[in-house]
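Worksheet: one structure, shown below.
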2 protein chains.
Amino acid sequence: MRFHSPAIQYFHAVRRTGSIRAAARVLNVASSAVSRQILKLEQEVGSPLFERNARGLTLTTVGEMLARHVMNVLQDLDRFRSDVASLSGAWHGTVSIACIESLTESVLPDLIASHRGRARRVSFTTEVKGSSDVLEALSRGEADIGIAIALRHPPDLRQVALKRFRLGALVAREHPLARRKTVTLEQCLAFPVIQALPELSIYHLLQPLIAQLSETPEPAIQANSIDLMRELAARGVGVAFQTQLGIGRLSRDSQLVFLPLDNAGSPVWSDLGIYVRAERTLPAYTESFLQELVRELGERERRENVAYPQTS
Amino acid sequence: MRFHSPAIQYFHAVRRTGSIRAAARVLNVASSAVSRQILKLEQEVGSPLFERNARGLTLTTVGEMLARHVMNVLQDLDRFRSDVASLSGAWHGTVSIACIESLTESVLPDLIASHRGRARRVSFTTEVKGSSDVLEALSRGEADIGIAIALRHPPDLRQVALKRFRLGALVAREHPLARRKTVTLEQCLAFPVIQALPELSIYHLLQPLIAQLSETPEPAIQANSIDLMRELAARGVGVAFQTQLGIGRLSRDSQLVFLPLDNAGSPVWSDLGIYVRAERTLPAYTESFLQELVRELGERERRENVAYPQTS
DNA sequence: ACATGTTGATGCCGTTTCGGCAACAGCTAT
DNA sequence: ATAGCTGTTGCCGAAACGGCATCAACATGT
């Protein structure tokens, strides 16, 4: 199904790879063919689309505009294809997800497994990144659905849903804090803490709170892996901070205890946003999964608020 | 600037004209070329796109799906072009408007004139239709902006704004009703009335109210032109019904008086919706005009509510 | 400073695609 | 039955495309 002129496809490949020859390799054509199509495009637009650096190509301003258009075209073509396919009953396609690490423990594997159980022809691609990288991948068209901490998102993205989860401390069952219902930051800082590095979004959630305190204690351990932090906390090394989402049902049968965090008497929230490219209609199978994702996250949000009712 | 494969453009032309030969004439190519491109498209999609009737072509279900995709592509191409053009400072393009007749007296000419005064390179195409035809033209991609009575709109359209205006009676200055501040339907029906035909949206606004009355009096005159109805009312022929919008400042220095309509003690509203295709990003110049349109209608809505404050 | 590997651009040439002309079959309305 | 419309199909010239080899320009490594 090759509706669109080769120039469109070639341009897209060159933009992604950042090089004409690399694009030619991906497309299985001669580099000269790619080069010519790009030149032809630039002639028709009347303005260069790339800046030729010795080491490859970089988009110019008009190039970025065209990139946006081409992305819209190709993504909408995907949707059209899926619409036609779903007409003959066969759903197949790939849902591409970019998300932060909190989802990998329980939410995403559960959802994907259950969805694959019902629609086996739909495959998945997931990539774990930092919050800002998630939004960036989405903007560049490298993912269909993005889940990230709800910061200010760029205007070319649309926030489909916003769910808030409580931030909390994670300690071993034998930890002195383990018997409390909730904890404050000060209480936690009396013990060795396992601090997240700036590349994790938890860092940016806790940083403003820590800055409010009179003293900024030395963290015992710094890490950039949610998993590692959790395992360290289970071994009694110290207090880790995570959203309840990252724990799932693990907290029941494991050595870990989750303690909702309070600050100045009110809970500390972590806002999770679900994002999609704004200028786009999703394929049916992607839309379907998106609905389930929103529903599931809403369900978890509700369940947690029952388990840890707001104190205020 | 011809990025896209001829098949796309040909398909678009065939869909609009409903005939291969007619499309060929529009495109200035031989009909055989168009025919082949369509056949090639159908082969690549793997399913017929048109039903061949003896008198022309009609879209099949997959054809309609492709039509939607092609429309998205071509409209987004327009936006890209305008983005590039606005980069070099020169705004030019065409804003295509479909609207109901109420706007033609004052709102639209005022706005277009003022906009052309500032951006002379932007041209306009306006088409006056019935409310449902406005929405249909928008769906088919034949207009960029639509203004219609706010009925239930199809899901592929987006309601940008919703403004409500009072419906009222229009009578000559010497008419017995002219001294009143407001009127009810019963009071009007005591006199000869100029009734709108079903093709005008006013008909559908008044019909449910008339049905509530005990008797349905014979209308003196039926017409399908807002203008004609206004002129008839000015000559004292009878009572016409219109939204305040259709009158503008004419009511001051003319023979006409506008009397807001009350029904069961509360005003009768006419909801005006501004619509845009949902799966679409507007070109900069269109977006700019749209903003002004929304602002202007909001302004008029506010002004009228001052002139005729709500009685309830 | 030199060699090497990379980048994108070009000239040449065979293949593919596209478009125009004319003729065809199918249908409709007069 | 005739005339007028429809879409389709061979045939052929023109335009576009892709592949190969080559070139100049630049970066990197020795």
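Here is the naming used below: chain letters follow the sequence lines, and residue numbers restart at 1 for every chain.
Nucleic acid contact class of F50(B) (heavy atoms, under 4.0 Å, all strands): none. Among the protein residues, L57(B) comes within range of the sugar-phosphate backbone only, with heavy atoms under 4.0 Å from sugar or phosphate atoms but none that close to a base. Among the atoms of the strands shown, base atoms are found under 4.0 Å from some heavy atom of R21(A).
A donor-acceptor contact under 3.5 Å is formed by the side chain of R36(B) with the base of dG10(D). Checked by distance alone, S19(B) brings no side-chain donor or acceptor within 3.5 Å of a matching partner on the base of dC5(D).
Between I8(A) atom CD1 and dC17(D) atom P there is a gap of 12 Å when expressed in whole angstrom units. One atom, NE2 of H4(A), and another, P of dC17(D), lie 16 Å apart when rounded to the nearest Å. Atoms CZ (R25(B)) and C1' (dG4(D)) sit 12 Å apart, rounded to a whole Å. Atom CD of Q43(B) is separated from atom C1' of dT17(C) by 13 Å (rounded to the nearest Å).
Among pairs with a residue in residues 6-28 of chain B, those fulfilling ring-ring contact (aromatic ring centres under 6.0 Å, His included) read F11(B)-F50(B), at least two apart in sequence or across chains.
Closest to the side chain of I20(A), from the set dG20(C), dC17(D), dG8(C), is dG8(C). For A33(A), the side-chain atoms get nearest to dG18(D) when compared with the rest of dG18(D), dA9(C), dG19(C).
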